[in-house]
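This report concerns only the one structure given below.
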Amino acid sequence: MKPDLESAPENALQAALPKAYDPSSIEQRWAEYWVREHLFDVATPHAGARAPDAHTQTPERKFTQLLPPPNVTGRLHIGHMLNQTEMDILTRWHRMSGDTTLWVPGTDHAGIATQMMVERQLTAEGTTRQALGREAFEDRVWQWKSLYGNAILDQMKRLGSTVDWSREYFTMDDRLSIAVKEAFVRLYEQGLIYRGSYIVNWCPGCQTAVSDLEVIHEDQLGKLYEIRYPLADGTGSIVIATTRPETMLGDVAVAVNPSDERYAGLIGKELALPLTGRKIPIIADDWANPEFGTGAVKVTPAHDPNDFAIGQRHNLPNLNIMDTTAHIDLPGSPYHSLDRYEARKRILADLEALGLLVAARDHHNAIGLCDRSKDVIEPRLSKQWFVKIQPLADKAIEAVDKGYIKFTPDQYRKTYDEWMKNIHDWCISRQLWWGHRIPAWHCADCAQITVSRETPSTCAHCASASITQETDVLDTWFSSGLLPFTVFGWPNSKDLSSFRESGVPGQLAGWGGAAGGPASALSIPPDLAAFYPTQLLVTGFDILFFWVARMIMLGCHFMLDVPMPDGSPRTLKNAVPFREVYIHALVRDAERQKMSKTKGNVIDPIDIISRFGTDAVRFTLASMASPGTDIAFSEARTEGNRAFANKIWNAARFLFMNIDRAHEAGLDVSVNESGKVSAMANAPLETRWILTRLSQTAAEVNRALAAYRFDEAASAVYQFFWGELCDWYLEIVKLRLNFTPEGGETANAEALASLHAFVQVFDAALRLLSPFMPFITEEIWHALYNNAPPAKSIALTRFPQAADFPTDEPAVREMETLQQLIVTVRALRKEIGVPEKEATPIRVFSTNAANCDAAALARTNADMLAKLCRVSAVEIAPSALTGESTRSTPSFDVEVVYARQIDVPAERERLTKDLAKYEKGLQAADRQLSNEAFMAKAPAHIVEGLRKQSTETRLLYDKTKAALEALPPA
RNA sequence: AGGCGCGUAGCUCAGUUGGUUAGAGCGCUACCUUGACACGGUAGAGGUCAGCGGUUCGAAUCCGCUCGUGCCUACCA
């Protein structure tokens with residue numbers, strides 16, 4: 001049954017057949033077609049449109065993944081493209097291999113980033129969010145989102161990614177907001193979320209707390225100041241060391257190590273804090289490091305995390321001296337309202353004047369910057385919400401330790417483990433207006449907190465009606481950490497119908513969890529039952545902790561409570577959000593620099609695509625995506641792959657040209673739609689050879705993709721298509737395709753058989769290439785089926801398997817021998833300077849009567865040999881050494897002879913050089929063969945190989961020497 | 001301060017459990033506009049595998065050290 005393809009774009013190959021491939025003329029059309037036809041929506045059954053046996057939907061074989069949601073504020077960068085290329089290659093490969101394949105796209109609301117974006121707009125308009133008010137501001141952000149929020153997804157559509165657009169989500173969608181609230185409330189009820197005053201990373205620019213991960217450390221050369229603090233009783237002093245003298249205004253103690261004998265007598269005494277005269281104690285605490293600075297450290301609990309800990313241990317007060325903008329907040333003090341760095345200068349100057357500044361030494365230390373705004377982070381004491389992380393981390397560690405989640409490359413397992421074991425509680429509150437508002441209400445009367453799924457009208461503790469909702473919103477990563485299950489309808493199914501009109505995916509019927517099954521009785525969302533856990537997460541290591549680790553923790557935590565589709569309890573093994581994580585490299589610029597806007601070295605994928613075509617860029621990224629190392633993006637390589645696309649295009653033109661010729665000769669050319677090729681015992685050598693190579697290439701590509709070796713898969717298809725199909729097979733087929741309208745029937749029948757084989761091979765090659773280069777293969781494939789293909793897209797056909805093609809090992813060996821012979825003849829032509837246009841005859845001599853396969857092959861394929869070598873005739877003769885130019889190759893015993901005068905000095909030079917090479921090789925081989933230890937310990941096949949090599953090299957050496965001696969004297 | 005990685009042809013990179021003469025793309029040289037393709041064809045040149053030492057019959061591959069380089073994590077003021 002042919003699908004209705006009226007909606008398919010017009011085919012450029014059918015129209016003009018331009019010589020050069022122009023990606024822009026076709027890519028846009030197919031990108032739109034794929035989206036418009038919903039070809040990759042899982043809810044859209046399309047099994048009937050596939051090749052008969054290619055796609056029996058097997059529920060056990062599913063392939064599900066989530067697109068790491070880009071920020072709505074984002075623009076597509078090359079890293080996204082690498083990520084999507086890899087995901088799409090895998091998705092297409094799995095889909096074509098018969099798996100139920102779902103790839104869910106979406107965008108992230110990106111709290112800080114988006115709020116900053118809109119605030120900049122407001123600034124330009126001369127207003128502020130504070131002037132607008134919270135609600136109006138939120139409306140404004142939604143407005144912005146509806147206008148610009150799809151930009152990145154629109155860009156993504158050009159990449160050809162086969163995502164299910166019907167499932168597209170936004171992390172602030174109602175259904176996801178409900179889920180976020182549910183998750184928060186449950187964690188709170190379980191005692192895993194708490195609120196408290198702690199030192200957090202405060203960004204004075206963004207005016208919010210940020211998590212540890214959002215602080216980037218930068219090494220800076222600063223100063224370590226030594227300041228003298230006098231004793232209150234005037235009997236002496238102590239010198240402390242600090243990098244931040246301005247915080248001394250908030251000092252509440254000075255700590256020394258209890259074991260530090262220098263200060264033993266001072267512990268318990270009081271100091272008069274310089275500049276203020278406030279009295280503070282000297283305390284003993286292990287934190288003070290006798291080796292560092294002076295061994296005495298000032299304690300400022302409100303402005304330093306360590307000092308905060310000391311303060312807790314010693315019951316010291318917290319003295320907050322700074323406001324949220326990092327200005328000194330001490331009304332009445334001369335430093336009041338000074339910026340922190342201005343205050344530092346003034347304080348140092350004042351201390352100097354008092355003679356209390358003892359020293360200022362150069363000092364390297366890491367300074368914390370805000371990931372978003374690059375402001376220097378100010379540790380600040382404030383009330384925040386935290387997730388008690390240890391219980392979650394324990395399960396997450398176990399899940400990976402037990403192998404329920406596999407990391408590729410494996411080294412990241414260690415990184416993950418290391419981080420997970422040293423994890424701190426997660427600060428999840430943000431003082432922003434854009435995000436999931438924390439579902440907690442503060443009571444004005446009893447000061448208690450009511451956490452609730454629904455908006456409460458009264459306080460749960462004292463029933464007071466004076467309650468107000470928490471103003472903080474949640475860290476963006478809190479909601480994205482829940483995605484693996486929230487996108488599939490967690491917590492329950494009742495919200496499902498509201499966001500997915502299409503309902504339960506058709507081909508999943510009968511799968512546990514489908515409507516009517518046991519799962520629905522337990523009200524497990526059908527999608528959750530069907531798709532959780534996902535198979536794979538593909539992402540960069542930059543969000544390993546931000547996102548991957550959080551998904552694992554939250555997935556293991558929440559999904560353990562959700563029964564399996566059959567109603568049985570879920571184990572950790574099935575609670576994990578994904579079975580595998582593939583971490584890819586970072587894309588850098590050609591100079592290996594990390595791309596950044598400020599450096600101006602950002603590679604715009606859209607620009608690259610419009611210059612080289614999406615297929616070429618995809619292929620480049622895939623072929624450079626070897627694990628472990630970063631990718632230095634190479635335009636030169638992209639150019640090379642554009643040439644590859646052009647090569648494919650022209651090979652197709654050649655095929656179509658011959659199909660046309662066959663038609664003109666009144667012959668019919670059909671395509672076998674099964675995707676498999678049956679045995680061809682009587683087929684010509686090149687057909688048997690290329691089918692075997694096709695089988696081997698399919699095996700290699702399948703193997704490489706299963707191991708995430710995109711580079712190896714890409715190079716296998718590249719080498720096969722260009723190096724074998726085009727360079728050899730096609731050149732030989734050329735000789736067979738002699739369609740002659742008036743010619744004999746037999747000749748035409750033979751030509752047609754070759755053409756049929758060619759079509760089958762080409763069809764398979766296109767399918768093999770399509771995950772990597774979906775656009776050009778789609779275009780050619782439709783043309784190949786004369787725009788009436790067996791499926792709506794090549795992406796819905798069968799991916800070539802090794803067993804789909806008949807193999808013939810002897811044919812491969814024969815072909816290789818023939819190739820070697822041909823290369824030898826060509827090289828010889830060149831070396832003895834036969835002009836390109838001159839077609840002289842050659843003679844091929846067998847030098848070894850007992851083993852003359854090559855000579856026999858040359859005889860059988862004399863015609864082919866002559867054409868491919870551009871010689872007029874090939875004559876097979878018994879062995880004979882003549883004074884003419886001769887050449888032989890090591891792997892078979894033939895000699896190729898050209899009857900031609902040669903350039904004697906040039907020939908002598910070449911032979912001398914060769915002789916030296918053979919001699920060296922011979923010596924090396926003989927040295928090993930006479931090494932007793934080697935002979936005793938080396939495996940047999942190695943020794944055997946070396947012997948063979950030695951024998952062959954000896955032969956070459958002798959021949960070359962003889963030839964050299966036979967040359968006329970200079 | 002800990003941890004991870006990298007150093008192979010002029011450039012960008014492959015090189016699987018150690019094994020016969022270390023590969024690819026781009027670039028380079030020579031010749032070729034042969035009816036698929038000059039975004040092409042054919043044939044070439046080009047490498048002491050960062051250095052030193054060790055294990056081994058045998059090392060680009062395993063181990064140690066040195067040098068160079070990139071990154072991640074980190075609450076020593």
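Letters A, B, ... are given to chains in the order of the sequence lines, protein chains preceding strands, and every chain is numbered from 1.
Interface remark: the Glu731(A) side chain does form a donor-acceptor pair with the rA36(B) base, using a distance-only criterion of under 3.5 Å. Residue-to-nucleotide contacts include no donor-acceptor pair under 3.5 Å from the side chain of Lys19(A) to the base of rC37(B).
Nucleic acid contact for His363(A): sugar-phosphate only, since backbone atoms but no base atoms lie under 4.0 Å from a heavy atom of the residue. Counting non-hydrogen atoms under 4.0 angstrom, Leu730(A) reaches a base of the nucleic acid. Within 4.0 Å of Asp542(A), counting heavy atoms only, lies no atom of the nucleic acid at all. Using a 4.0 Å heavy-atom criterion, one finds that Arg703(A) contacts no nucleic acid atom at all. Across all strands shown, Gly613(A) has no heavy atoms under 4.0 Å from either base or sugar-phosphate atoms. Counting non-hydrogen atoms under 4.0 angstrom, Asp727(A) reaches the backbone sugars and phosphates but no base. Val943(A) comes within contact range of no nucleotide atom at all, as no heavy-atom separation falls under 4.0 Å.
With rG19(B), rA43(B), rC37(B) as the candidates, the nucleotide lying closest to the side chain of Val823(A) is rA43(B). Closest approach to the Asn365(A) side chain among rC4(B), rG19(B), rA77(B) is made by rA77(B) (side chain taken as heavy atoms from C-beta onward). Here the side chain of Thr243(A) is nearest to one of rA77(B), rG40(B), rA36(B), namely rA77(B). For Val297(A), whose side chain is taken as the heavy atoms from C-beta onward, the closest listed nucleotide among rA77(B), rU12(B), rU42(B) is rA77(B).
Taking atom CH2 of residue Trp728(A) and atom C1' of nucleotide rG40(B), one finds them 17 Å apart after rounding to whole Å. Straight-line distance from the CD1 atom of Ile423(A) to the P atom of rA74(B): 10 Å, rounded to whole Å. Regarding Arg709(A), its CZ atom lies at a distance of 5 Å from the P atom of rG15(B), rounded to whole Å. Put simply, CZ on Phe720(A) is 19 Å from P on rA24(B), counting in whole angstrom units. Atom CG in Asn658(A) sits about 12 Å away from atom P in rC37(B), given to the nearest Å. If you measure from atom CD of Glu246(A) to atom P of rA77(B), you get 14 Å, rounded to the nearest angstrom. For the pair Lys830(A) NZ and rU29(B) P, the computed distance is 14 Å after rounding to whole Å.
Judged by distance alone, the side chains of Asn641(A) and Thr620(A) do bring a donor and an acceptor atom under 3.5 Å apart. Judged purely by distance below 3.5 Å, without hydrogens or angles, the side chains of Tyr229(A) and Asp251(A) pair a donor atom with an acceptor atom.
When the P atom is compared between rU61(B) and rG70(B), the two are found 24 Å apart, to the nearest whole Å. A gap of 26 Å separates the C1' atoms of rU8(B) and rG3(B), to the nearest Å. Distance noted for atom P between rU21(B) and rC65(B): 31 Å (whole Å). If you take atom C1' in rG51(B) and the same atom in rG68(B), they sit 11 Å apart, rounded to whole Å. Taking the P atom of each, rG47(B) and rA24(B) are spaced 15 Å apart, rounded to whole Å. For the P atom pair drawn from rG46(B) and rG7(B), the interatomic distance equals 24 Å after rounding to whole Å. Rounded to a whole angstrom, the distance from the C1' atom of rC26(B) to that of rC63(B) is 36 Å. Comparing the P positions of rC32(B) and rA22(B) gives an interatomic distance of 33 Å, to the nearest angstrom.
Checking rU20(B) for Watson-Crick or G-U wobble geometry (two distances, each under 3.5 Å) identifies no partner in any strand. Across every strand in view, rU42(B) sits in a pair with rA30(B) that passes the Watson-Crick or G-U test at under 3.5 angstrom. Base pairing of rG5(B) is made with rU69(B), judged by Watson-Crick or G-U wobble geometry with both donor-acceptor distances under 3.5 Å. In this structure rG58(B) sits in no base pair that meets the Watson-Crick or G-U test at under 3.5 Å. Across all strands shown, rA77(B) remains unpaired; no Watson-Crick or G-U wobble contact has both distances below 3.5 Å. Look at rC37(B): it lacks any Watson-Crick or wobble partner with both distances under 3.5 angstrom. In a base pair of the Watson-Crick type (N1 to N3 plus N6-O4 or O6-N4) or a G-U wobble (N1-O2 and O6-N3), with each distance short of 3.5 Å, rC52(B) is matched with rG64(B).
Ring geometry for Phe758(A) against Phe654(A) counts as tilted: the plane angle lies between 30° and 60°, on a 0 to 90° scale. Relative orientation of the Phe644(A) and Trp722(A) rings is parallel, given thresholds of 30° and 60° on the angle between their planes.
For the pair Lys647(A) and rG41(B), the criterion of a side-chain N or O lying under 4.0 Å from OP1 or OP2 is met. Within the 4.0 Å cut-off from OP1 or OP2 of rA36(B), not a single side-chain nitrogen or oxygen of Trp722(A) is found. Under 4.0 angstrom from either OP1 or OP2 of rU12(B) there lies no side-chain N or O belonging to Arg637(A).
A salt bridge is absent between Arg413(A) and Asp417(A); no separation between the charged side-chain nitrogens and carboxylate oxygens falls under 4.0 Å. Under 4.0 Å is where a charged nitrogen must lie from a carboxylate oxygen, and between Glu378(A) and Arg244(A) at least one such pair does. The pair Glu731(A)-Lys867(A) does not meet the salt-bridge criterion, since no charged nitrogen lies less than 4.0 angstrom from a carboxylate oxygen.
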